[in-house]
Amino acid sequence: MPYHSHFTSVSSVISVAEQFMAKALPKRSENYSEWYNEIVKRADLAENSAVRGCMVIKPYGFAIWEKMQRALDDMFKATGHQNAYFPLFVPKSFLEKEEEHAEGFAKECAVVTHYRLKANPEGGLMVDPNAKLEEELIIRPTSEAVIWNTYKNWIQSWRDLPLLINQWCNIVRWEMRTRLFLRTTEFLWQEGHTAHATEQEAVEETERMLGVYATFAEDWIALPVLKGLKSPNERFAGAIETYCIEALMQDGKALQSGTSHFLGQNFAKAFDVKFVNKENEQEYAWATSWGVSTRLMGALIMAHSDDQGLVLPPKLAPIQVVIIPIYRSPEDLVTISEAVAPIVEELKASGISVKYDDNDNQRSGWKFAEYELRGVPIRLGLGMRDLEAGTVEVARRDNLSKESRPLEGIADHVKTLLNEIQVNIYQKAFKFREDNTYRVDTWDAFKDQIEKGGFIMAHWDGTAETEEKIKEETKATIRCIPLDAVEEVGKCIYSGADSKMRVVFARAY
RNA sequence: CGGGGCGUAGCGCAGUCUGGUAGCGCGCACGGUUCGGGACCGUGAGGUCGGAGGUUCGAAUCCUCUCGCCCCGACCA
């Protein structure tokens, strides 16, 4: 058979299969990244927009982000921070002031050069060449520059410190390639920017906020994270030290999920932010900045979801419980609805978000599949048979189990079960990380393991050259130097030079 | 910027090689039968085939130019 016709027959078989399989997701084991893209779209979280590299976050996805925001914002407030808002535009001259910072972000900035359009003689609109800005405006890739330029006016005395500010906003980084939630040209985040009187205070703040991120990741996203320091190569542009939380995704790749930077006096010096200390001496303020972004949505999806769709931790699920009536006649539906009403009330009174889906357009089987795809933690199914028996079917999304329970006391059971699911999801992810963390001592074993994925704990000689070589040869990067690393004498996996502790390597998003 | 692919109904695609009435599935609307894991039957609406120019009696199909998107690399939270 000639190659050409062979090819044709294969592709037609695939297209027939796809027609039958139209409703199933791609499997993680077969094509992880396609599985991810499909979940994002099919669970109605986000979609690509008409604007290159920019996403539309859809209501269901945004509801999850809002829950994350709420929880994080409460934690920021509890640690003494206030929200404020700074401009979207950063004059180029501001960005230039901190040299390393400028260099680090220069290659990915969107630049505004004009302020007016005019009618194009050939139709449509054109940039008005007479409306050129005297100074270009950069769309913020991060706000250190504009914020420290402002802090100059806010800080005079040690009494003005610490200054603890957070901002929720959008930023733009002109990345070459984008993926929904994981890397988009525009994304949403929060950025905390604090100023302190002493180095020690600033370092404490940096570590405190890293702790907040780790707690949020573990308690809310049910995502176990490693806390650590970035190697100098991976440091934020302009930082003295970058702390991070690193998580392991189901395909064995790492995802940096949050960063907290100790900026020293770099920005205070660049923007001339001085204060008078108690001894009446002029001193530069000490800075931190820290942020998490909509990338956390990507972490949430990739950490827990399965081949049936999204799996949401109850604490972040927009709908925690869905109740589905199973009926034939309209009369049956009325009867079931009457039985469901008090349950809905009781759950709502306990602060549980519950949806009773009595939509008549879809059948129950369709709804089961749909809510599984959307990751709703608990589903209650209630039919006439149940009413007669005084039971309800309780289905868990995390382990796909189902059981029949007495209708009596079901609200209490649901409350308990939501907590149980939250814990179970975390433990599952924790076990996955443990099972996929390897101590490796030889270069051959390293190269072998990096192909299989996971976190690799290995010795490193501490040099940027070695780090760079390892990246070139294996695409693995140092994800972090764990904060809880124990001293251990060893030899660098690559150079054989002396090393005092193991660091974490992985391929990353 | 290098390599590959794709623009045809809201979505997913066939048709292009070999020019001749623009199709299929899903979704949507209406009617009916169904209903404990993504139901079925019937009827119907929906298209400047990415754009511009050219060849031709005739272009989704051939030629030229152009715009856009996706995937793989370099960059990155």
Side-chain angles (χ1 to χ4, degrees), chain A residues 4-5 8 11-12 14-16 18-25 31 33-34 37-38 41-42 47-54 104-109 122-123 141-142 171-191 213 230 233-234 236-237 242 244-247 254-261 289-299 308-309 324-330 332-333 336 360-373 379 381-387 389 391-393 395 400 402 404 471-472 475 477 508-509:
Chain A
H4 179 77
S5 58
T8 305
S11 55
S12 65
I14 289 169
S15 77
V16 168
E18 277 172 352
Q19 278 172 23
F20 281 110
M21 300 298 290
K23 282 172 180 167
L25 282 172
N31 190 338
S33 75
E34 198 187 327
N37 289 337
E38 281 298 305
K41 284 178 208 153
R42 300 263 296 276
E47 62 189 29
N48 279 310
S49 72
V51 184
R52 185 214 312 253
C54 298
F105 283 102
K107 286 169 294 181
E108 52 190 45
C109 287
E122 287 159 31
T142 179
I171 63 177
V172 166
R173 294 183 188 175
W174 212 269
E175 305 290 353
M176 304 289 187
R177 289 189 55 218
T178 60
R179 291 192 69 191
L180 292 169
F181 291 121
L182 297 174
R183 190 181 308 107
T184 46
T185 301
E186 177 193 16
F187 58 96
L188 306 183
W189 79 345
Q190 59 68 219
E191 47 181 330
Y213 288 157
K230 281 293 181 194
N233 269 359
E234 303 271 329
F236 176 76
T242 288
C244 65
I245 52 172
E246 289 284 330
L255 184 72
Q256 179 174 307
S257 306
T259 48
S260 185
H261 315 290
S289 70
W290 27 274
V292 294
S293 71
T294 36
R295 176 178 258 199
L296 286 178
M297 294 285 294
Q308 328 306 320
I324 296 174
I326 298 151
Y327 62 95
R328 297 186 187 192
S329 69
D332 288 354
L333 178 59
I336 294 167
D360 196 37
N361 296 333
Q362 261 90 34
R363 298 160 82 242
S364 52
W366 190 92
K367 292 175 187 173
F368 293 170
E370 186 65 13
Y371 289 105
E372 265 163 26
L373 185 60
R379 181 186 75 233
L382 203 64
M384 294 306 282
R385 263 191 255 153
D386 287 300
L387 283 191
T391 59
V392 57
E393 185 186 72
L400 293 169
K402 286 190 289 197
S404 190
K471 187 176 177 182
E472 273 170 32
K475 292 183 189 164
T477 51
Y509 277 95

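Convention: sequence-line order gives letters A, B, ...; per-chain numbering from 1. Basis for what follows: all heavy atoms, side chains included, without hydrogens, waters or symmetry-related copies.
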Could you let me know what [N] is paired to, Watson-Crick or G-U wobble, both distances under 3.5 Å, or none if it's on its own?
| N | result |
| --- | --- |
| G37(B) | none |
| U55(B) | none |
| G2(B) | C72(B) |
| C49(B) | none |
| G10(B) | C26(B) |

**Asked** Excluding sequence neighbours, so at least two apart, what forms side-chain hydrogen bond (donor to acceptor under 3.5 Å, both in side chains) with Thr294(A)?
**Response**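 Partners of Thr294(A) under the side-chain hydrogen bond (donor to acceptor under 3.5 Å, both in side chains) test: none.
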
**Message:** Holding to side-chain hydrogen bond (donor to acceptor under 3.5 Å, both in side chains), I want the full list of residues that pass it with Lys367(A), two or more places apart in sequence or in another chain.
**Reply:**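 In terms of side-chain hydrogen bond (donor to acceptor under 3.5 Å, both in side chains), with neighbours along the sequence ignored, Lys367(A) is linked to no residue.
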
Starting the side chain at C-beta, find the nucleotide from [options] nearest to [X].
| X | options | value |
| --- | --- | --- |
| Lys402(A) | G37(B), A74(B), G38(B) | G37(B) |
| Arg183(A) | C35(B), C76(B), G38(B) | C76(B) |
| Ala369(A) | A74(B), C35(B), G38(B) | G38(B) |
| Glu108(A) | G38(B), G37(B), C75(B) | C75(B) |
| Arg363(A) | G36(B), A74(B), G37(B) | G36(B) |
| Phe368(A) | G36(B), G37(B), A74(B) | G37(B) |

**Request:** Please report the closest heavy-atom contact between Gly298(A) and Leu182(A), naming both atoms and the distance.
**Result:**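 Nearest heavy atoms, Gly298(A) then Leu182(A): CA-CD2, 3.7 Å.
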
Name the nucleic acid region contacted by [X], choosing base, sugar-phosphate or nothing; use a 4.0 angstrom heavy-atom cut-off, strictly under.
| X | result |
| --- | --- |
| Phe236(A) | nothing |
| Glu370(A) | base |
| Ser364(A) | sugar-phosphate |
| Glu175(A) | base |
| Thr184(A) | base |

Return the value, rounded to whole Å, for the distance between atom [atom1] of [X] and atom [atom2] of [N].
| X | N | atom1 | atom2 | answer |
| --- | --- | --- | --- | --- |
| Tyr509(A) | C75(B) | OH | C1' | 18 Å |
| Gln256(A) | C75(B) | CD | P | 15 Å |
| Ile324(A) | G36(B) | CD1 | P | 12 Å |
| Asn361(A) | C30(B) | CG | P | 9 Å |

Taking the [atom1] atom of each, how far is [N] from [M], in whole Å?
| N | M | atom1 | result |
| --- | --- | --- | --- |
| A22(B) | A39(B) | C1' | 31 Å |
| C49(B) | A60(B) | P | 7 Å |
| G53(B) | A45(B) | C1' | 35 Å |
| G23(B) | C63(B) | C1' | 26 Å |
| U55(B) | C13(B) | P | 35 Å |
| G25(B) | G15(B) | C1' | 15 Å |
| C35(B) | C40(B) | P | 14 Å |
| C65(B) | A74(B) | P | 32 Å |

**Asked** Partners of Ile171(A) by side-chain contact (heavy atoms from CB on, under 4.5 Å), sequence neighbours excluded?
**Response**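 Listed in chain order: Arg140(A), Cys169(A), Arg173(A), Phe187(A), Trp189(A), Glu191(A).
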
**Prompt:** Residues in side-chain contact (heavy atoms from CB on, under 4.5 Å) with Asn31(A), at least two apart?
**Reply:**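 side-chain contact (heavy atoms from CB on, under 4.5 Å) list for Asn31(A), sorted by chain: Ser33(A), Glu34(A).
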
**Message:** Once hydrogens and angles are ignored, does a donor-acceptor distance under 3.5 Å link the base of G37(B) to the side chain of Glu372(A)?
**Reply:**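 By the distance-only test, yes, there is a pair.
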
**Asked** Do Arg328(A) side-chain and G36(B) base share a donor-acceptor contact under 3.5 Å?
**Response**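 Looking at the base of G36(B), it does not pair with any donor or acceptor on the side chain of Arg328(A) (distance under 3.5 Å).
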
**Prompt:** Does Glu175(A) reach the main-chain N or O of Thr184(A) with its side chain, forming a donor-acceptor pair under 3.5 Å?
**Reply:**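 No, the answer is negative, given that no donor and acceptor are paired below the 3.5 Å cut-off.
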
**Item:** Heavy-atom donor-acceptor pair, Tyr213(A) side chain to Gly291(A) backbone, under 3.5 Å
**Value:**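 Looks like yes, one N/O pair under 3.5 Å.
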
What does the list of N/O pairs under 3.5 Å between the protein and nucleotides 4-8 of chain B look like, with a distance for each?
none

**Message:** Could you tell me if Arg379(A) sits above the aromatic ring of Phe368(A), with its cationic atom closer than 6.0 Å to the ring centre and no more than 45 degrees from the axis?
**Reply:**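 Judged by the rule (NZ or CZ under 6.0 Å from the ring centre, within 45° of its axis), Arg379(A) counts as positioned above Phe368(A).
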
**Asked** Phe236(A) vs His261(A) aromatic rings, parallel, tilted or perpendicular, using cut-offs 30° and 60°?
**Response**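 Phe236(A) and His261(A): parallel rings.
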
**Message:** On RNA chain B, compare the nucleotides closest to Thr185(A) and Gly383(A); which residue's is nearer the 5' end?
**Reply:**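 Closer to the 5' end of RNA chain B: Gly383(A).
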
**Prompt:** Closest nucleotide of RNA chain B for Leu382(A) versus for Leu182(A): which of these residues is on the 5' side?
**Reply:**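 The residue closer to the strand's 5' end, by nearest nucleotide, is Leu382(A).
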
Could you list the protein-to-nucleotides 69-71 of chain B atom pairs, N/O on both sides, closer than 3.5 Å?
from, atom 1, to, atom 2, distance (Å)
C69(B), OP2, Arg52(A), NH2, 3.4

